[in-house]
Amino acid sequence: MDFERLNAYRIMWVIVMFDLPTETKAQRKIYAKFRKQILDDGFSMFQFSLYIRHCSSRENAEVHIQRVKKILPAKGHIGILNITDKQFGMMEIFRGKELIEAPLAPQQLELF
């Protein structure tokens, strides 16, 4: 089997979607803390309240999913989705009616 094709199914993307209450100052602080923690774990904002992270394997994706689960706020609605690089690459992304390219996977190796 082709090496590139194999990688497209082994490499994973973790998507975290969340809707947290922000009506009070305390709630906004919790929102900001959660957002900062997932950014510190290597997630990038894809859309408002939708963050993505490229992972080199299913095992690596599971590590980051568990990290997100450990920091879940007490209130709000959070979804975690794990998809293959192949599935992520089939996504069509538009800015208005203009088709744009999906974000590229990072080219650096992770050492931890």
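The shown structure was predicted, so the numbers you read here are calculated from the model rather than taken from an experiment.
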Distance (rounded to the nearest 0.5 Å) between [X] [atom1] and [Y] [atom2]:
X     : Y     : atom1 : atom2 : answer
Ile65 : Lys70 : CD1   : NZ    : 13.5 Å
Ser44 : Leu50 : OG    : CG    : 11.5 Å
Leu39 : Met45 : CG    : CE    : 9.0 Å
Tyr51 : Ile15 : OH    : CD1   : 14.0 Å
Lys69 : Gln66 : NZ    : CD    : 4.5 Å
Lys75 : Asp19 : NZ    : CG    : 14.5 Å

Quiz prompt | Distance-only polar pair, side chains of Trp13 and Asn82, donor-acceptor under 3.5 Å | solution = no
[atom1] of [X]: more than 12 outside heavy atoms within 6.0 angstrom?
X     : atom1 : result
Glu23 : CD    : no
Phe48 : CZ    : no
Arg58 : CZ    : no

Answer yes if [X] and [Y] sit in the same cluster of Ile, Leu, Val, Met, Phe, Trp and Tyr residues linked by side chain heavy atoms under 4.5 Å apart, and no otherwise.
X     : Y      : result
Tyr31 : Phe46  : no
Met91 : Ile100 : yes
Ile30 : Ile71  : no

Practice problem: Identify, with sequence neighbours excluded, every residue that meets side-chain hydrogen bond (donor to acceptor under 3.5 Å, both in side chains) alongside Lys29. | Solution: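 Scan of Lys29 (side-chain hydrogen bond (donor to acceptor under 3.5 Å, both in side chains), adjacent residues dropped) gives none.
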Quiz item: Who pairs with Gln37 by side-chain hydrogen bond (donor to acceptor under 3.5 Å, both in side chains), at least two apart in sequence or on another chain?
Solution: none
Side chain [X], main chain [Y], donor-acceptor under 3.5 Å:
X     : Y     : answer
Gln27 : Thr24 : yes
Arg53 : Asp41 : yes
Gln87 : Thr84 : yes

Does the side chain of [Y] come within less than 4.5 Å of [X]'s, by heavy atoms?
X     : Y     : value
Val14 : Ile52 : no
Ile78 : Pro73 : yes
Val16 : Phe43 : yes
Ile11 : His54 : yes
Ser49 : Met17 : no
His64 : Val68 : no

Exercise. Locate the shortest heavy-atom distance separating Gly76 from Pro21; write the atom from each residue and the value.
Key: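 The answer is CA-CD, 3.9 Å.
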Exercise. State, to 0.1 Å, how close Met12 and Ala61 come at their nearest heavy-atom pair, and which atoms those are.
Key: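 Here Met12 and Ala61 meet closest at CB-CB, 4.0 Å.
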Quiz prompt | Residue pair Glu101, Ile93: steps toward the side chain to side chain contact (heavy atoms under 4.5 Å, CB included) verdict | solution = CA-CA 7 Å; Glu101 290 190 33; Ile93 304 169; over 6 Å; no
Quiz prompt | Phe18 ring center near Phe34 ring center (under 6.0 Å) | solution = yes
Quiz item: Do Glu59 and Arg10 sit within salt-bridge range, that is, some charged N less than 4.0 Å from a carboxylate O?
Solution: yes
